[in-house]
Amino acid sequence: TSPVAWLRTRFYYLLIRLYFDREFSVEEFTRGAKQAFSVVSKLLSQRKLDLLDELVSAEVLRVLKEKISLLPDNHRDALAADIDAIMYTTEGDVRIYFDDDGIKFVSILMRFWYLNGANLPDEVPGETKVFQIVFGDESTKEKRHLLTANYEFQREFTEGAKPEWTITRIEHPRLLE
């Protein structure tokens, strides 16, 4: 990320701690986001969308139901991210919103890079090069794809609102389109 974006993100984190949640921790949020990403991506891969009600917004869930039913099995398998297979995580954007009714909420876009062994063709556009890991001898090669995903987390900070983060955007480029 650029230094300007990094500074802006840190400034927003400071505002979140000062005005919304004195207990907010970037490290704790990132750990929770990784865990949520892993759980949600596995449930998507398994087509267990009914278990996503509390984690994903109704609008996103509606769109996912349409998209998941049309995915080929290998693309659906590639959605799953084991928490230990997440190679890198970073914030994409942090936003603080106030609407005309006095509702306050924070939105944080997280980007994930993860390894997945789904049987994808080598020429998947937009994907980072395939890793081939050799265990033992040359006859046992295990192929891994380095894939990306963007998940946006949103939490309302209006007095009386539930203190829960909800996923309001899910993108798995080249897989879930």
Side-chain angles (χ1 to χ4, degrees), residues 9 12-13 15-16 20-21 23-118 120 124 126-127 145-177:
T9 300
Y12 277 124
Y13 286 151
L15 290 177
I16 292 168
F20 298 111
D21 182 359
E23 307 282 319
F24 181 80
S25 157
V26 177
E27 294 79 17
E28 186 178 321
F29 175 82
T30 301
R31 270 193 304 277
K34 284 170 105 173
Q35 186 175 25
F37 165 61
S38 180
V39 167
V40 169
S41 68
K42 287 178 186 177
L43 291 172
L44 287 173
S45 176
Q46 298 165 359
R47 293 184 182 163
K48 295 183 177 177
L49 302 179
D50 53 323
L51 299 177
L52 296 175
D53 284 340
E54 298 295 316
L55 301 171
V56 178
S57 72
E59 164 101 8
V60 171
L61 197 54
R62 183 184 54 75
V63 172
L64 286 173
K65 286 179 181 178
E66 293 173 21
K67 289 182 177 183
I68 293 291
S69 66
L70 303 174
L71 279 183
D73 288 344
N74 61 342
H75 282 213
R76 196 173 34 79
D77 293 342
L79 296 175
D82 187 61
I83 198 157
D84 296 329
I86 300 171
M87 300 287 97
Y88 185 70
T89 304
T90 188
E91 310 92 13
D93 200 8
V94 178
R95 299 277 184 211
I96 297 173
Y97 299 96
F98 296 90
D99 76 2
D100 294 337
D101 298 326
I103 297 174
K104 305 177 276 192
F105 56 95
V106 171
S107 173
I108 302 175
L109 177 67
M110 297 296 292
R111 294 192 170 118
F112 303 96
W113 285 262
Y114 64 101
L115 288 175
N116 183 287
L120 294 173
V124 173
E127 176 195 347
H145 297 270
L146 182 60
L147 302 169
T148 62
N150 301 315
Y151 280 47
E152 184 176 60
F153 296 84
Q154 190 175 88
R155 179 178 167 193
E156 184 178 343
F157 282 95
T158 310
E159 181 127 0
K162 292 181 183 178
E164 298 171 358
W165 290 92
T166 303
I167 298 170
T168 56
R169 180 169 44 161
I170 293 177
E171 297 171 342
H172 284 262
R174 309 294 185 253
L175 295 175
L176 193 59
E177 294 184 339

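Residues: numbered from 1 along the sequence shown.
Rounded to the nearest 0.5 angstrom, Ile170 CD1 and Glu152 CD are separated by 11.0 Å. We find the OH-NZ distance between Tyr151 and Lys34 to be 15.0 Å, quoted to the nearest 0.5 Å. Atom CD1 of Ile83 and atom CZ of Phe37 lie 10.0 Å apart (nearest 0.5 Å). With rounding to the nearest 0.5 angstrom, the CD atom of Gln46 is 9.0 Å from the OG atom of Ser41. Remark: Ile167 CD1 to Glu54 CD distance equals 12.5 Å, nearest 0.5 Å. Once rounded to the nearest 0.5 Å, the distance linking CG of Asp101 with OG1 of Thr158 reads 9.5 Å.
Using modelled atom types, one side-chain atom of Asp99 and one backbone atom of Gly102 make a donor-acceptor pair closer than 3.5 Å. Looking at Ser107, its side chain never comes within 3.5 Å of a backbone N or O of Gln154 through a donor-acceptor pair. With hydrogens and angles ignored, the 3.5 Å screen pairs no side-chain donor or acceptor of Thr166 with any backbone N or O of Leu55.
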Checklist entry - What's the verdict on salt bridge (charged side-chain N to carboxylate O under 4.0 Å, His left out) for Glu27 and Arg31, showing C-alpha distance, side-chain angles and the deciding distance? => result CA-CA 6 Å; Glu27 294 79 17; Arg31 270 193 304 277; over 6 Å; no
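Of all the heavy atoms in Tyr114 and Ala149, the pair that sits closest is CE2-CB, 4.2 Å. Of all non-hydrogen atoms in Asn116 and Ala80, the two that sit nearest each other are ND2-O, 2.7 Å. In terms of heavy atoms, Phe105 sits closest to Glu156 at CB-CA, 3.6 Å. Among all heavy-atom pairs drawn from Trp113 and Thr90, the shortest one is CZ3-CG2, 3.7 Å.
Residues Leu147 and His172 form no side-chain contact, since every pair of their non-hydrogen atoms from C-beta on lies 4.5 Å or further apart. Side-chain atoms of Lys48 and Asp50, non-hydrogen and from C-beta on, do get closer than 4.5 Å to each other. Side chains of Ile103 and Tyr97 form no contact here, defined as non-hydrogen atoms less than 4.5 Å apart. Between Ile68 and Leu176 there is a side-chain heavy-atom pair separated by less than 4.5 Å. Looking at heavy atoms from C-beta onward, Val56 lies out of side-chain contact with Leu49 at the 4.5 angstrom threshold. In this structure, Ile16 and Val94 have side chains that are in contact, with non-hydrogen atoms separated by less than 4.5 Å. At least one side-chain heavy atom of Leu71 sits less than 4.5 Å from a side-chain heavy atom of Leu79.
Note: Tyr13 and Phe24 have tilted aromatic rings, judged against thresholds of 30 and 60 degrees for the angle between ring planes.
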